[in-house]
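For the numbers below, each heavy atom of this structure counts, side chains included, while hydrogens, waters and symmetry mates do not.
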Amino acid sequence: MTIEKFLQEKLQADLTKITHESQNSTFVGDSTKFKQKIFVKVFAQKGKFLTEKAVNEQLNTRVLDSFAVKQTQQFVLVMKDLAPTDVKGQITSALAFKMGIQLARFHQNVKPFSGIYLNNRLFEKAKFDSNSLQNEEIKSRLLQVLALFTARKADIAADLTAHATTVLHGDVGLRNYKIVGGHLSLIDFERARMGVNYQDFIKLFYQDFRLNQGLITSFISGYQECGEEVAVTPLTQAFLIFITAIGIMKYTEKIVDEPFKEIGEQMLTTCFSFLGVGSHDSVKANMHALIYTN
């Protein structure tokens, strides 16, 4: 029996599979059992299943049921369907401001929960991940940058220890901002983890904002509107950009994605520019991702 047929019988629902970018399967449809339209998310990893469930239970009353399917070793979360729609059109400063507000509210409202990924030991992980790469040229550049950050490890480590107190969304991007009931909302919480709030900005700034200074400024204004601040120093911010770049290089070594790899390269350029190293032709725009606050 397929997972779809199993779910339809168990939930007494007429389900339609939704195309999804992740490894998870998602379904939507009317359920006789729950007497409403439901959204069903099937996870291959228990940790992500438990994380998505825990965050939703803090933020809303959507969760209707959850269970493991022993036959397929999958985990199922059944929730009320919110009928989200995509954000249409170009990202404007007004939209970026609202995105900042929504992320600030997430950071304020979600508290650490049992089993949350702690996301610590970043220096050790950076060394291990860099050395695991097959591409010697990229590996060499990453280790060069890591050595420069390691020379200032004490300052960065102290900064991380002081400020890695936020439950991060873990995958902030335009595709995870949706319109729900006429309002902008964040969805998909399976990658939530502990960390520094700035970590949730990085991919958004490079990938969706394309380092547009106006959009970044508007987003930060929205974030600060809720009383939140970027507390870590620009040095630590640059280090966290470097950590993100390593992750992109690992991913694109396994899965060919040239545009995404180029974003990783931009992040490395930011690091080189900040550290004042090499003959890289850095454009000033590459520094826009760094937030300087008083």
Side-chain angles (χ1 to χ4, degrees), residues 11 18 20-28 31 34 36-68 74-85 87 98-120 160-204 219 222-232 240:
L11 304 174
I18 304 170
H20 203 272
E21 295 178 12
S22 75
Q23 295 177 329
N24 305 317
S25 299
T26 52
F27 305 87
V28 66
S31 167
F34 293 104
Q36 62 182 290
K37 197 168 186 180
I38 60 173
F39 174 77
V40 184
K41 196 167 183 178
V42 182
F43 298 81
Q45 297 176 24
K46 187 177 182 180
K48 289 183 177 180
F49 158 74
L50 292 173
T51 296
E52 179 88 24
K53 182 173 182 285
V55 175
N56 272 287
E57 287 176 339
Q58 287 195 42
L59 291 177
N60 53 60
T61 57
R62 283 188 72 195
V63 177
L64 299 169
D65 196 5
S66 61
F67 51 86
Q74 291 172 298
F75 305 88
V76 179
L77 194 59
V78 183
M79 296 187 282
K80 299 172 186 175
D81 181 45
L82 296 178
T85 58
V87 177
K98 291 177 183 177
M99 291 168 78
I101 289 175
Q102 287 304 311
L103 184 59
R105 288 175 178 167
F106 180 91
H107 286 168
Q108 288 173 334
N109 293 330
V110 182
K111 305 304 178 188
F113 50 88
S114 176
I116 190 171
Y117 179 56
L118 297 179
N119 190 39
N120 51 9
L160 291 173
T161 300
H163 300 294
T165 54
T166 301
V167 176
L168 305 176
H169 177 279
D171 192 14
V172 177
L174 185 61
R175 68 187 178 86
N176 281 332
Y177 279 95
K178 301 291 183 185
I179 303 299
V180 177
H183 300 284
L184 188 69
S185 299
L186 267 170
I187 65 164
D188 276 355
F189 310 129
E190 65 185 57
R191 296 182 184 277
R193 54 202 165 97
M194 293 303 297
V196 173
N197 59 2
Y198 177 80
Q199 288 173 274
D200 259 348
F201 306 164
I202 298 171
K203 279 198 284 188
L204 177 70
F219 177 89
Y223 190 77
Q224 293 173 330
E225 180 86 359
C226 297
E228 295 294 290
E229 293 290 345
V230 178
V232 291
L240 293 171

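Note that CD of Glu190 is 11.0 Å distant from CG of Asn56, once rounded to the nearest 0.5 Å. From Leu186, atom CG reaches atom CG of Asp171 across 10.0 Å, with rounding to the nearest 0.5 Å. In this structure, Arg191 CZ and Glu52 CD are separated by 11.0 Å, a value rounded to the nearest 0.5 Å. Summarising the geometry, atom CG belonging to Leu240 is positioned 10.0 Å from atom CG belonging to Asn197; distances are rounded to the nearest 0.5 Å. With rounding to the nearest 0.5 Å, the separation of CZ in Phe75 from CD in Gln45 is 9.5 Å.
Looking at residues two or more places apart in sequence or on another chain, you find a side chain to side chain contact (heavy atoms under 4.5 Å, CB included) between Val87 and Leu95, Leu174, Tyr177, Ile179, Leu184. With sequence neighbours excluded, the residues satisfying side chain to side chain contact (heavy atoms under 4.5 Å, CB included) with Asp65 are Lys33, Phe34, Phe67, Val78. Considering only residues two or more places apart in sequence or on other chains, Gln199 meets the side chain to side chain donor-acceptor pair (under 3.5 Å) condition with none of them. Glu57 is linked by a salt bridge (charged side-chain N to carboxylate O under 4.0 Å, His left out) to Lys53, counting only residues two or more places apart in sequence or in another chain. For His107, the ring pair (Phe, Tyr, Trp, His ring centres under 6.0 Å) criterion is met by Tyr223, not counting sequence neighbours. In this structure Ser185 satisfies the side chain to side chain contact (heavy atoms under 4.5 Å, CB included) test together with Val180, sequence neighbours excluded. Under the rule for a salt bridge (charged side-chain N to carboxylate O under 4.0 Å, His left out), Lys203 has no partner lying at least two apart in sequence or in another chain. Phe106 pairs by the ring pair (Phe, Tyr, Trp, His ring centres under 6.0 Å) definition with His169, Phe189, not counting sequence neighbours. Scored by the side chain to side chain donor-acceptor pair (under 3.5 Å) test, Asn119 finds Arg193 as partners (sequence neighbours excluded). Asp200 meets the salt bridge (charged side-chain N to carboxylate O under 4.0 Å, His left out) test with no other residue; sequence neighbours excluded.
Applying the salt bridge (charged side-chain N to carboxylate O under 4.0 Å, His left out) rule to pairs touching residues 176-185 yields Asp86-Lys178, sequence neighbours excluded. Within the structure, salt bridge (charged side-chain N to carboxylate O under 4.0 Å, His left out) contacts touching residues 98-111 (residues at least two apart or in different chains) do not occur.
Counting heavy atoms from C-beta on, the side chains of Phe39 and Thr26 come closer than 4.5 Å. Using a 4.5 Å cut-off on side-chain heavy atoms (C-beta onward), Phe49 and Asn24 make no contact.
Here the closest heavy-atom approach between residue Cys226 and residue Gln108 is recorded as O-NE2, 2.6 Å.
In this structure a side-chain-to-backbone donor-acceptor pair under 3.5 Å is missing from Asn109 to Gln58. The main-chain N or O of Val42 is never found under 3.5 Å from a side-chain atom of Ser25 such that the two would form a donor-acceptor pair. Between the Lys80 side chain and the Thr61 main chain, a donor and an acceptor come within less than 3.5 Å of each other.
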